[in-house]
Q: 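Dropping a structure here in structure tokens format, bear with me for questions.
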Amino acid sequence: MQVLNIYNSLTNKKEVFKPLQEGYVGMYVCGPTVYSNVHLGNVRTFISFDLIYRYFLHLGYKVRYVRNITDAGHLTDDTAEDKISTKARLEKLEPMEIVQKYTIDFHHILEKFNALPPSIEPTATGHLIEQIEAVQTILDNGLAYEVNGSVYFDVLKYNEKENYGILSKRKIEESIENTRDLDGQSDKKNPQDFALWKRAEPEHIQRWNSPWGAGFPGWHLECTVMSTKYLGEQFDIHGGGMDLKFPHHECEIAQAQACYHKAPVNYWMHGNMLTFNGRKMSKSTGNNILPEEIFTGESKFLSKAYSAGVVRFFMMQAHYRSILDFSDEAVLAAEKGYNRLMEAVEILQGLEPGKTSTYEVSEWKEKCYDAMNDDFNSPVLIAHLFEAVKQINLMKVGKASLADADLKSLKETLYAFVFDVLGLEDKAKSEGDSNKLSGIVNMMIELRNEARANKDWALSDKIRDDLQKLGVQLKDGKEGTTFTLN
RNA sequence: GGCGUCGUGGCCGAGUGGCUAGGCAGGGCUCUGCAAAAGCUCGUACAGCGGUUCGAAUCCGCUCGUCGCCUCCA
């Protein structure tokens, strides 16, 4: 078995993956704040970590995958109301109605993208007691202070003994110099301090009682508390989007160190951003697209609808640590490749073994694993899968063959990577009335063959072209005519 | 302004000190009644300028540009 290498954001290097406990992986990924529909950028991060989760499972690890739901609103600055409250006010709903609505949307969309659910999906509001305890612990350890019912983490004091900036590679002195002017109303001793607990103003709906009065938890705290609760004070992998590296993950490290006096995470992993038509996706500028709009094709940015599988494949064609740009043109190209891959998978099912093998399957298989073992390099894996596609097509036309054992190995490996690891769905499976449809199309193929036998080209071409318009493509081969659905 | 990232052929996107992925699009050929599909085949790219080296797209420096973070964000 080859060695799995993971790029660790903490060291900025690829490192051999060694789990704390042989055979087990503890992985925490920062989930969404459920205050509106998930956008495609969010989805990319979760699909990236779904690939990682799936590969661990494929390798036989027992994985505990924890991904939180942030359902407590967090302030965007010192004065404004939080996102969930804002949304609640706008939609005239209870905050928890907002939370429920968009949690359901989140699950629904991820299911469409064939992302496996995490093992545990804890919510921030479900762990208030633990968060209050953590605040108290940090206070007791002298690394936080209370002001007017709020509790702040004392970053400068923490930095005397620990390294605030260990993950983001920021120097605290520089951040002090470069801090923008705040409104002066802040209770913080220093601008880089962050809230562990915030006093709730009277109009703030989401509020809980605490030793410091009614309030709500700071944003960074929930992840520290929930990851510790379900994975322990030290665990293997913590993931999230690149934009969470600072301050969120930096603060998580500081909080965990302040509570338990040890580094919480062995491997930090950060997925890169998805841009849209060359720019950052942003709800505020309108440069964004909702998954639902992709499935229906109802968007001024798209020429047609795309299936979730195609979009997933498109994302897998880029490495998770690279910025990926989503555009109609790029996805259109991916769709064609996706179809070719899936068609080959189907063809492979009906292939018979030959006497000898003209292709080195074991070598190919090893290359596939090498790719994934190199920091989950799905684009290179896919390149190798297309090598198999080529061989499959050659076998189909009788220009290549595989002996029984090799054919079996090719099937096993290809199915494992396509379905289990990449999580691409079997198209035939998702087509509902496929039996009826194929019966009808096969009847049309017979009629066309009769017309062709009679050299009635006008009729045979009409059948072919009309079917094409309906998205049914006929393929004439040596063994007869087959069809695919576009 | 600070920190970081990246700059690859028409497009998307890997990779890496010498053997130069892959997908899409395009040209040619085979197959075909014509097509499509499939197969074969052709495009020799790594921002610019210096340097290190027998040899760099790959390492170093500078310049230009991109994007991101520095404030809620996957």
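Sequence lines set the chain letters: A, B, ... in the order given, protein chains first and strands last, and positions in each chain run from 1. These values consider heavy atoms only, across backbone and side chains, with no hydrogens, waters or symmetry-generated copies.
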Q: Mind listing the closest non-hydrogen atom pair of A/Met27 and A/Ile52 along with its distance?
A: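 Heavy-atom minimum between the residues: SD-CG2, 4.0 Å.
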Q: Expressed in whole Å, how much space separates the P atoms belonging to B/G39 and B/G23?
A: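 It comes out at 10 Å once rounded to the nearest Å.
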Q: Using whole Å, what does the distance between atom P of nucleotide B/A37 and atom CE of A/Met395 come to?
A: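 Rounded to the whole Å, the gap is 21 Å.
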Q: Ignoring backbone atoms, establish whether A/Lys336 has a side-chain N or O less than 4.0 Å from OP1 or OP2 of B/A25.
A: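 Yes, A/Lys336 has a side-chain N/O under 4.0 Å of OP1/OP2 on B/A25.
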Q: Report the nucleotide, chosen from B/A37, B/G23, B/A14, that has the shortest atom-to-atom distance to any side-chain atom of A/Gln473.
A: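 Of all the options, the side chain of A/Gln473 is nearest to B/A37.
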Q: From the options B/C12, B/C11, B/G13, select the nucleotide whose nearest atom is closest to the side chain of A/Ala318.
A: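 That would be B/G13.
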Q: Regarding A/His319, tell me which of base, sugar-phosphate or nothing describes its non-hydrogen contacts under 4.0 Å with the strands shown.
A: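 Since only primed, P, OP1 and OP2 atoms lie under 4.0 Å of A/His319, the category is sugar-phosphate.
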Q: When the P atoms of B/G10 and B/C6 are considered, how many whole Å apart are they?
A: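 Roughly 23 Å separates the two P atoms.
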Q: Counting any heavy atom closer than 4.0 Å, what does A/Gly240 reach on the DNA or RNA strands: base, sugar-phosphate only, or nothing?
A: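 Sugar-phosphate, backbone atoms only, no base.
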Q: Between B/C24 atom C1' and A/Leu332 atom CG, what is the distance in whole Å?
A: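 Distance, rounded to whole Å: 9 Å.
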Q: Between the base of B/A35 and the side chain of A/Asp476, is one N or O donor paired with an acceptor at under 3.5 angstrom?
A: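 In this structure, the two groups form a donor-acceptor pair.
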Q: Considering every strand and a 4.0 Å limit on heavy-atom distances, what is the contact class for A/Leu274: base, sugar-phosphate, or nothing?
A: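 If one applies the 4.0 Å heavy-atom cut-off, A/Leu274 turns out to touch a base.
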Q: Starting at atom CD1 of A/Ile392, determine the distance to atom C1' of B/G39, rounded to an integer number of angstrom.
A: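 Rounded to whole Å, this separation is 15 Å.
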Q: If every non-hydrogen atom of A/Asn373 is compared with every non-hydrogen atom of A/Val3, which pair is closest and at what distance?
A: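 For A/Asn373 versus A/Val3, the nearest heavy atoms are CB-O, 3.3 Å.
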Q: Base, sugar-phosphate, or nothing for A/Gly31, non-hydrogen atoms under 4.0 angstrom?
A: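 Sugar-phosphate: the residue A/Gly31, judged by heavy atoms under 4.0 Å, touches backbone atoms but no base.
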Q: Pairing check on B/A38: which nucleotide meets the Watson-Crick or G-U wobble criteria with it, both distances under 3.5 Å?
A: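 Checking every strand shown, B/A38 finds its partner in B/U30, with both distances under 3.5 Å.
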Q: Distance check, P atoms only: B/A14 and B/G22, in whole angstrom units.
A: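 It works out to 15 Å between them.
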Q: Just how far is it from atom OH of A/Tyr230 to atom OG of A/Ser119, taken to the nearest 0.5 Å?
A: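 Output value for this atom pair is 12.0 Å.
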Q: For the C1' atoms, the ones on B/U30 and on B/A36, what distance do you get once it is rounded to whole angstrom?
A: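 About 15 Å, rounded to a whole number of Å.
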Q: Could you state the CG-P distance from A/Leu381 to B/A21, rounded to the nearest angstrom?
A: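 It is 18 Å, rounded to the nearest whole Å.
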Q: Looking at the side chain of A/Arg340, which of B/C70, B/C34, B/G23 is the nearest nucleotide?
A: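 In terms of side-chain proximity for A/Arg340, the closest of B/C70, B/C34, B/G23 is B/G23.
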Q: Let me see the working for A/Thr11 and A/Glu15 under side chain to side chain donor-acceptor pair (under 3.5 Å), right down to the final yes or no.
A: CA-CA 9 Å; A/Thr11 56; A/Glu15 296 174 3; 2.5 Å; yes
Q: Within this structure, what is the CG-to-C1' distance between A/Asn339 and B/A37, rounded to whole angstrom?
A: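 The answer, rounded to whole Å, is 13 Å.
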Q: Side chain of A/Leu394: nearest nucleotide among B/G13, B/C40, B/A74?
A: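 The answer is B/C40.
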Q: What is the distance, to the nearest angstrom, from the NE2 atom on A/His248 to the C1' atom on B/C72?
A: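 In whole Å, B/C72 C1' and A/His248 NE2 are 12 Å from each other.
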Q: Return the nearest nucleotide to the side chain of A/Asn377; candidates are B/A74, B/C24, B/A14.
A: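 For the A/Asn377 side chain, the nearest candidate turns out to be B/A14.
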Q: Looking only at atom P, what distance separates B/G13 and B/G17, rounded to whole Å?
A: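 Those two atoms are separated by 23 Å.
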Q: In this structure, how many angstroms lie between the P atom of B/G15 and the NZ atom of A/Lys367, rounded?
A: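 Whole-Å distance recorded here is 16 Å.
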Q: Once hydrogens and angles are ignored, does a donor-acceptor distance under 3.5 Å link the base of B/A35 to the side chain of A/Arg464?
A: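 Yes, the side chain and the base share a sub-3.5 Å donor-acceptor pair.
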Q: Under 4.0 angstrom, heavy atoms only, what part of the nucleic acid is A/Lys390 near: base, sugar-phosphate, or nothing?
A: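 A/Lys390: backbone/sugar contact only, no base atoms under 4.0 Å.
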Q: Given ring-ring contact (aromatic ring centres under 6.0 Å, His included), test A/His384 with A/Trp364 step by step and report yes or no.
A: CA-CA 7 Å; A/His384 296 321; A/Trp364 167 80; 8.2 Å; no
Q: Heavy atoms only, 4.0 Å cut-off, all strands: where does A/Ser168 land among base, sugar-phosphate and nothing?
A: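 A/Ser168: no heavy atom of the nucleic acid under 4.0 Å.
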Q: Where does B/G65 fall, syn or anti, if syn means a chi angle no more than 90° from 0?
A: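 Here B/G65 takes the anti form, which means its glycosidic angle is more than 90° from 0.
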Q: Toward the 5' end of RNA chain B, which comes first, A/Phe386 or A/Lys475, by nearest nucleotide?
A: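 The residue closer to the strand's 5' end, by nearest nucleotide, is A/Phe386.
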Q: For A/Trp457 and for A/Phe314, find the nucleotide of RNA chain B with the closest heavy atom, then tell me which residue's nucleotide is more 5'.
A: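 With A/Trp457 and A/Phe314 compared, the 5'-side residue is A/Phe314.
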Q: Could you give the distance separating B/A47 and B/U8 at their P atoms, to the nearest angstrom?
A: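 To the nearest whole Å, 7 Å.
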Q: Which part of the nucleic acid, if any, lies within contact of A/Asp461, taking any heavy atom under 4.0 Å across all strands shown: a base, the sugar-phosphate backbone alone, or nothing?
A: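 Base contact.
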Q: Measure across A/Ser299 and A/Ile289 and return the closest heavy-atom pair with its distance rounded to 0.1 Å.
A: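 Taking every non-hydrogen atom into account, OG-CD1, 3.6 Å.
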Q: Atom CD of A/Glu329 and atom P of B/G26: how far apart are they, to the nearest Å?
A: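 In whole Å, B/G26 P lies 12 Å from A/Glu329 CD.
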Q: For B/G4, give its Watson-Crick or G-U wobble partner with both distances under 3.5 Å, or none.
A: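 The answer is B/C67, by the H-bond criterion.
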Q: I want to check one thing: is the phosphate of B/G39, taken as OP1 and OP2, less than 4.0 Å away from some side-chain N or O of A/Asn393?
A: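 For B/G39, OP1 or OP2 has a side-chain N or O of A/Asn393 closer than 4.0 Å.
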Q: Out of B/A14, B/G39, B/C24, which nucleotide sits closest to the side chain of A/Lys399?
A: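 Of the options given, the side chain of A/Lys399 lies nearest B/G39.
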Q: Check this one for me: any side-chain N or O of A/Arg321 less than 4.0 Å away from OP1 or OP2 of B/C6?
A: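 No.
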Q: Using the P atom as the reference point in each nucleotide, state the distance between B/G28 and B/G43 in Å, no decimals.
A: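 Each nucleotide's P atom is 16 Å from the other's.
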Q: Take atom C1' in B/G27 and the same atom in B/U44, then report the distance between them in whole Å.
A: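 Straight-line distance between the two C1' atoms is 16 Å.
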Q: Mind telling me whether A/Phe194 and A/Tyr164 have parallel, tilted or perpendicular rings, with 30° and 60° as the class edges?
A: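 Parallel, since the angle between the ring planes stays under 30°.
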Q: In terms of side-chain heavy atoms of A/Thr33, which of B/G13, B/A74, B/C24 is nearest?
A: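 So the nucleotide nearest the side chain must be B/A74.
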Q: Could you tell me how the ring of A/His238 sits relative to the ring of A/His249: parallel (under 30°), tilted (30 to 60°) or perpendicular (over 60°)?
A: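 A/His238 vs A/His249 ring planes: perpendicular.
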